[in-house]
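Taking it in order: structure first as structure tokens, then the write-up.
What you see is a predicted model, and the numbers here were worked out from it, not measured in a lab. This chain uses plain numbering: 1 for the first residue, then up along the sequence.
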Amino acid sequence: TALMRAAERGHIEVVTALEGQTITSWLSAQYSAEGPPWEVREVEGKGYATFATRRFEKGECIVTEKPTVWVRGHHPFDSAQVAEIDRKVEALPKLHRRAFYEMANVFPEAPSVAAGIFMTNSFDMTGSPYGDACAMYLAMARINHSCSPNVQQTHLPDTGEEVLYACRVIEAGEEINDCYIELRQSTADRRGDLRALYRFECSCPSCERVGVEDEEDAQRQKAKELDDLVVAVASEDGAEMALQVAVDALRLLQAEANL
């Protein structure tokens with residue numbers, strides 16, 4: 001892996017090149033002084049995947065990234081939105097534009113290649129001050145999906161940034177996996193959402209388990225019900241009571257997991 005680094009510490013702009021294979025743009029990302037948090041490798045039968053370059057502790061911030069390209073609204077995009085996507089992509093620096101065009105595109109029927117790539121790799125900007133909006137975060141877009149992810153994204157509406165945290169210990173060399181959909185649903189429903197939204201059949205360990213689907217599906221449904229309860233309590237009885245309900249719910253889930 002070759003690194004071309006420009007800018008001062010604390011504001012790093014890096015393009016990571018994988019020796020003639022692909023490149024990752026860190027144009028809008030910030031991470032620790034130890035360097036890029038992952039590298040991209042090609043995996044036989046799977047395509048490209050991201051692998052941690054060092055150990056990350058549970059709860060550790062891995063990277064913070066500003067949107068590379070964003071637009072108001074959601075796909076399917078109208079002609080004005082497609083033109084805006086095309087214009088913003090063409091305005092990217094050359095190496096970062098190349099990194100954009102090397103991303104997956106599962107919407108070849110889109111009005112433009114850039115629009116198809118953006119549709120494939122963009123996230124909702126939850127709570128955006130611009131209203132309904134979505135954005136592509138070029139470094140994070142390299143992370144593959146798993147229904148048992150080891151990272152969690154949080155959106156910061158005021159800045160438009162996505163913050164990526166480790167939700168368990170991640171060892172150096174381990175693949176980093178995010179989730180693209182609502183995970184608190186059955187295997188069949190998760191796979192259905194992924195086929196509809198991203199056009200692939202999930203083969204992660206959770207989806208490939210044999211004989212325990214009903215048990216795990218029930219646990220995911222219970223987690224959703226408890227999460228919904230916490231939100232309802234927060235709305236009616238305040239944050240302190242909601243926190244107590246959340247702690248009790250977590251203890252219940254942990255106890256059931258250890259049965």
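- With sequence neighbours excluded, the residues that form a side chain to side chain contact (heavy atoms under 4.5 Å, CB included) with A141 are M103, N121, M136.
- Within a 6.0 Å sphere centred on CD of E240, other residues, nucleotides and ligands contribute 12 heavy atoms or fewer.
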### Query
Going through the distances and angles, do N150 and F56 end up as a side-chain contact (heavy atoms from CB on, under 4.5 Å)?
CA-CA 10 Å; N150 53 16; F56 294 99; over 6 Å; no
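- For L243, the side chain to side chain contact (heavy atoms under 4.5 Å, CB included) partners at least two apart in sequence or on another chain are V247.
- Legend: residues meeting side chain to side chain donor-acceptor pair (under 3.5 Å) with Y165, ordered by chain and number and at least two apart, are absent.
- For R195, the side chain to side chain donor-acceptor pair (under 3.5 Å) partners at least two apart in sequence or on another chain are E201.
- The other residues sharing a hydrophobic cluster with F51 are V43, where clustering joins ILVMFWY side chains under 4.5 Å apart.
- M140 and V163 fall into different hydrophobic clusters, where Ile, Leu, Val, Met, Phe, Trp and Tyr side chains are chained together by heavy-atom contacts under 4.5 Å.
- Linking Ile, Leu, Val, Met, Phe, Trp and Tyr residues whenever their side-chain heavy atoms come within less than 4.5 Å leaves L156 and L138 in two separate clusters.
- Residues D178 and L164 approach most closely at OD2-CD1, 4.5 Å, considering heavy atoms.
- Annotation: the span from H74 atom NE2 to D132 atom CG amounts to 4.0 Å, rounded to 0.5 Å.
- Among residues two or more places apart in sequence or in another chain, the ring pair (Phe, Tyr, Trp, His ring centres under 6.0 Å) test is passed with Y180 by H145, Y198.
- Scanning all heavy atoms of the two residues, the minimum distance from H155 to G160 falls at CE1-O, 3.5 Å.
- Side-chain N or O atoms of T50 include one that pairs as donor or acceptor with a backbone N or O of I176 at under 3.5 Å.
- Sorted by first and then second residue, the pairs that involve residues 59-68 and meet side chain to side chain donor-acceptor pair (under 3.5 Å), not counting sequence neighbours, are R54-E60.
- Residues satisfying the side chain to side chain donor-acceptor pair (under 3.5 Å) criterion with N177, sequence neighbours excluded, are E175.
- I85 CD1 to C134 SG: the interatomic distance, rounded to the nearest 0.5 Å, is 7.0 Å.
- Sorted by first then second residue, the salt bridge (Lys or Arg N to Asp or Glu O under 4.0 Å) pairs that include residues 153-172, not counting sequence neighbours, are R55-E171, R168-E174.
- Side-chain contact between L27 and P93 is present, with at least one heavy-atom pair separated by less than 4.5 Å.
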### Task
Quick one: do E102 and R142 satisfy side-chain contact (heavy atoms from CB on, under 4.5 Å)? Show the steps, please.
CA-CA 10 Å; E102 288 188 350; R142 278 289 179 192; 3.9 Å; yes
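- Closest heavy-atom contact between P37 and V63: CG-CB, 4.3 Å.
- Within the structure, salt bridge (Lys or Arg N to Asp or Glu O under 4.0 Å) pairs that include any residue of residues 106-129 comprise E109-R199 (at least two apart or interchain).
- Ring planes of F123 and Y137: parallel class, angle under 30° (limits at 30 and 60°).
- Grouping the Ile, Leu, Val, Met, Phe, Trp and Tyr side chains by contacts below 4.5 angstrom, directly or via other members, places V82 with Y101.
- V245 forms part of a hydrophobic cluster together with L229, V230, V233, M241, judged by ILVMFWY side-chain heavy-atom separations under 4.5 Å.
- L197 and I117 are not part of a single hydrophobic cluster, where members link through side-chain heavy atoms under 4.5 Å apart.
- Remark: side-chain polar atoms of T53 are paired, donor with acceptor, to backbone N or O of P36 under 3.5 angstrom.
- Checking each of R191, Q185, R190 against C147 for a side-chain contact (heavy atoms from CB on, under 4.5 Å) leaves exactly one that passes, namely R190.
- Q81 contributes a side-chain N or O that, together with a main-chain N or O of D78, makes up a donor-acceptor pair within less than 3.5 Å.
- For F118 against F100, the heavy-atom pair with the smallest separation is N-CZ, 4.2 Å.
- Side-chain N or O atoms of D237 include none that pairs as donor or acceptor with a backbone N or O of A242 at under 3.5 Å.
- Here CZ of R184 is found 13.5 Å from CG of D189. Values are rounded to the nearest 0.5 Å.
- Applying the side chain to side chain donor-acceptor pair (under 3.5 Å) test to K88 and every residue at least two apart in sequence or in another chain returns E84.
- The two atoms that bring T120 and V106 nearest to each other are OG1-N, 3.0 Å, heavy atoms only.
- No single ILVMFWY cluster, assembled from side-chain heavy atoms under 4.5 Å apart, contains both F107 and L194.
- Here the closest non-hydrogen pair linking A114 and D86 is CB-OD1, 3.3 Å.
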